[in-house]
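The block underneath contains the structure these notes are about, expressed in structure tokens.
All values below come from the heavy atoms of this structure, side chains included, with hydrogens, waters and symmetry mates left out. Naming: A, B, ... by sequence-line order, numbering from 1 per chain.
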Number of protein chains: 2
Amino acid sequence: MGSQIPLLFNIKPSSGVPIYKQIMEQINRLVISGFLKAGDELPSVRQAASYLEVNPMTISKAYSLLEATSVLERVRGKGMIIAHDRRRTHDLDKRIEFLKPALIEAATQANQLALPRETILKLFSELLEEYTHE
Amino acid sequence: MGSQIPLLFNIKPSSGVPIYKQIMEQINRLVISGFLKAGDELPSVRQAASYLEVNPMTISKAYSLLEATSVLERVRGKGMIIAHDRRRTHDLDKRIEFLKPALIEAATQANQLALPRETILKLFSELLEEYTHE
DNA sequence: ACATATGTATCATTAATATAATACAGCAAT
DNA sequence: ATTGCTGTATTATATTAATGATACATATGT
């Protein structure tokens, strides 16, 4: 039942970004990267809600919106799976565009903090290792 | 009257992060970096509100909360200035701690997108140049 | 004195987000 | 058939964020 998949979700309740959006964005990333493939099962609404300690309807909202954009498919009585969408691509350019906003935000903050270029790059390089997937 | 200072504010209304928090965080960064020094004048509530196209009370809320944490001082009839706080430091370590959340977020997203390390680092390096302060 | 600038208090209103407690239709396995 | 899973609809409530329209005390410059 995709029992370990909830571990892929990281929620920052204090960030200000709505929880359902955080979930949507993460699933979107895992799909266009290929980590999640067509047919893969997602954690159930109640599992994810319990794991993340949020309301089930918050998870359902994220799933429903992703279904509306053909990222997920609802299988009645079973749960949600990654949609079989033949038009889906995994272009490097597309993935880079998804990442850009976060990089721009980090770069802007770094410059506002007057941090030396090499210090930032070294730290970021380390964090890329530390927060590796799987 | 600090007329060009509003240009230091970047607001992303669609980010989900409350506007008043975005403003607070930016001022905090500009202060601990030293870009803004004790006594420097901030744009007036109405100037900033007009420039950012938000409600004046939203700016006032950010200013008031920054006054409560001794980052700003209110000068009656004049406006807000950077507080004269002798305890203020500009440690590199402190500035790095301020930046870390944004770097961690970017690193997490990059890995969820399965982007090659070198590609990310090169792009980030370019963005650090592009989004330079001043 | 007067006009103009400052931040802020006050009121009402709107929108978005999240929670809580139920309830229901659909499917699978026993 | 019953049990136990799915996702979701419903209703109500609370909180937070932002806007709009005034209004006020305070200070500055003329």
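When each of dT6(D), dA17(D), dT8(D) is scored by its nearest atom to the side-chain atoms of Ser44(A), the top-ranked nucleotide is dT6(D). Comparing atom distances between the Thr58(A) side chain and each of dG7(D), dT19(C), dG7(C) picks out dT19(C) as nearest. Listed nucleotides dT26(D), dC27(C), dT6(D) differ in distance to Arg76(B); the shortest reach to its side chain belongs to dT26(D). Among the nucleotides dG7(C), dA18(D), dT28(D), the one closest to any side-chain atom of Lys78(B) is dT28(D).
Residue Glu73(B) contributes atom CD, which lies 13 Å from atom P of dT8(C) at whole-angstrom precision. As rounded to whole Å, 18 Å separates atom P of dA16(C) from atom CD of Gln22(A). Distance NZ (Lys61(A)) to P (dT10(D)): 15 Å, rounded to an integer number of Å. Following rounding to the nearest Å, Ile59(A) (CD1) and dT19(C) (C1') show an atom-to-atom distance of 13 Å. If you take CE of Met80(B) and C1' of dA27(D), they are 15 Å apart, rounded to a whole angstrom. Atom CG of Leu42(A) and atom P of dT8(D) are 12 Å apart (whole Å). Rounded to whole angstrom, the span from the CD atom of Glu41(B) across to the P atom of dT6(C) amounts to 11 Å. Atom CG in Leu52(B) sits about 12 Å away from atom P in dA18(D), given to the nearest Å.
In this model, the phosphate group of dA18(D) is not approached by any side-chain N or O of Tyr20(B) to a distance below 4.0 Å at OP1 or OP2. Side-chain N/O atoms of Ser60(A) include one lying less than 4.0 angstrom from OP1 or OP2 on dT8(D).
Between Tyr51(A) and Phe9(A), the ring centre distance reaches or exceeds 6.0 Å.
When side chains are defined from C-beta on, Glu73(B) does not count as touching Glu67(B), because their heavy atoms never get closer than 4.5 Å.
Using a 4.5 Å cut-off between side-chain heavy atoms of Ile, Leu, Val, Met, Phe, Trp and Tyr, with links allowed through other members, Phe35(A) and Leu42(A) fall into the same hydrophobic cluster. There is a path of hydrophobic side-chain contacts, each under 4.5 Å, that joins Leu113(B) to Ile96(A).
When the nearest nucleotides of DNA chain C are assigned to Lys21(A) and Gly79(B) by heavy-atom distance, the more 5′-ward of the two goes with Gly79(B).
The backbone N or O of Met80(B) lies less than 3.5 Å from no partner atom in the side chain of Arg74(B), so there is not a single donor-acceptor pair. Within the 3.5 Å criterion, the main-chain N or O of Leu66(A) finds a donor-acceptor partner in the side chain of Thr69(A). In terms of modelled atom types and a separation under 3.5 Å, the side chain of Ser64(A) and the main chain of Lys61(A) share no donor-acceptor contact. Checking side-chain atoms of Thr119(A) against main-chain N and O of Leu115(A) turns up no donor-acceptor pair under 3.5 Å.
Rounding to the nearest 0.5 Å gives a distance of 11.5 Å between CG of Asn10(A) and OG of Ser15(A).
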Are any protein N/O atoms closer than 3.5 Å to N/O atoms in nucleotides 20-23 of chain C? If there are, list each pair with its distance.
unit_1: dA20(C); atom_1: N7; unit_2: Asn55(A); atom_2: ND2; d: 3.4

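The stretch residues 63-71 of chain A touches DNA chain D through Ser64(A), Glu67(A), each having a heavy atom within less than 4.0 Å of the strand.
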Worked verdict on Ile19(A) versus Leu52(A) for side chain to side chain contact (heavy atoms under 4.5 Å, CB included): CA-CA 10 Å; Ile19(A) 297 171; Leu52(A) 297 175; 5.7 Å; no
